[in-house]
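Here the structure comes first, spelled out in C-alpha cells, and everything after it is commentary.
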Amino acid sequence: MAKWHVSFDGRWQESFHDFDQAVEWAQEVAETGRTVDVAQRKFLLGRKLVAVFPESKQEERRAAWSAAAFLGFSTGPYVGAGGDFGGGGDFGGGGGGC
C-alpha cells in the first residue's frame with residue numbers, strides 16, 4: 001500500500017495513507033511561507049516526488065530530487081537532514097496523519 005510523506009524545514013514531518021489529506025496539509029503548511037514536498041512511497045522502493053507547494057517552487061524542488069537520485073539517495077534530498085524520518089515516533093509531528 002502506498003503512503004504519502006510530507007516534508008518541510010529540511011526533514012520528513014508526517015505520513016498519510018490518503019493522498020488528498022497529504023496534499024491538503026501540505027497546502028496549509030505552505031501558506032505559512034514554507035516550501036513543502038509531498039512524496040509517494042510504495043513498499044521499500046524509496047520515494048517519488050509527486051507535489052510541491054507553493055507550486056512556484058516545483059522546478060527547484062524537482063531539481064533537488066533529481067540530484068539526490070543521481071547521488072543514489074532513494075529518500076530524496078532529506079537524507080542526513082535531521083534523519084530520514086525526523087525524530088521520535090513515526091514522524092516528527094504535524095497535523096492529522098496516520
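All of these numbers come straight from a predicted model, not from anything done at the bench.
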Hey, mind stepping through Glu14 and His5 against side chain to side chain contact (heavy atoms under 4.5 Å, CB included) and telling me if it holds? CA-CA 6 Å; Glu14 190 67 66; His5 302 284; over 6 Å; no

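- A heavy-atom distance below 4.5 Å is not found between the side chains of Lys48 and Trp65.
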Go through the steps to decide whether Val6 and Val36 satisfy the test side chain to side chain contact (heavy atoms under 4.5 Å, CB included), and finish with yes or no. CA-CA 7 Å; Val6 178; Val36 185; 3.4 Å; yes

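- With sequence neighbours excluded, no residue satisfies side chain to side chain donor-acceptor pair (under 3.5 Å) with Ser56.
- Of the inter-residue distances, the one linking Phe53 atom CZ with Glu55 atom CD reads 6.0 Å to the nearest 0.5 angstrom.
- Remark: Arg41 fails to qualify as a cation-pi partner of Trp12 under the 6.0 Å distance and 45° angle criteria applied to the six-membered ring.
- The side-chain contact (heavy atoms from CB on, under 4.5 Å) test applied to Val52 returns Thr35, Asp37, Leu49, Lys57, Gln58, Arg61, not counting sequence neighbours.
- Applying the side-chain contact (heavy atoms from CB on, under 4.5 Å) criterion to Ala2, with sequence neighbours excluded, gives Trp4, Gln40, Lys42.
- Here Glu31 pairs with nothing under the side-chain contact (heavy atoms from CB on, under 4.5 Å) rule; sequence neighbours left out.
- Side-chain contact between Lys3 and Phe16 is absent, with no heavy-atom pair separated by less than 4.5 Å.
- In terms of heavy atoms, Pro54 sits closest to Ala30 at N-CB, 4.1 Å.
- Under the side-chain contact (heavy atoms from CB on, under 4.5 Å) criterion, Glu24 pairs with Glu28, sequence neighbours left out.
- Residues forming a side chain to side chain donor-acceptor pair (under 3.5 Å) with Arg34 (at least two apart in sequence, or on another chain): Asp9, Thr32.
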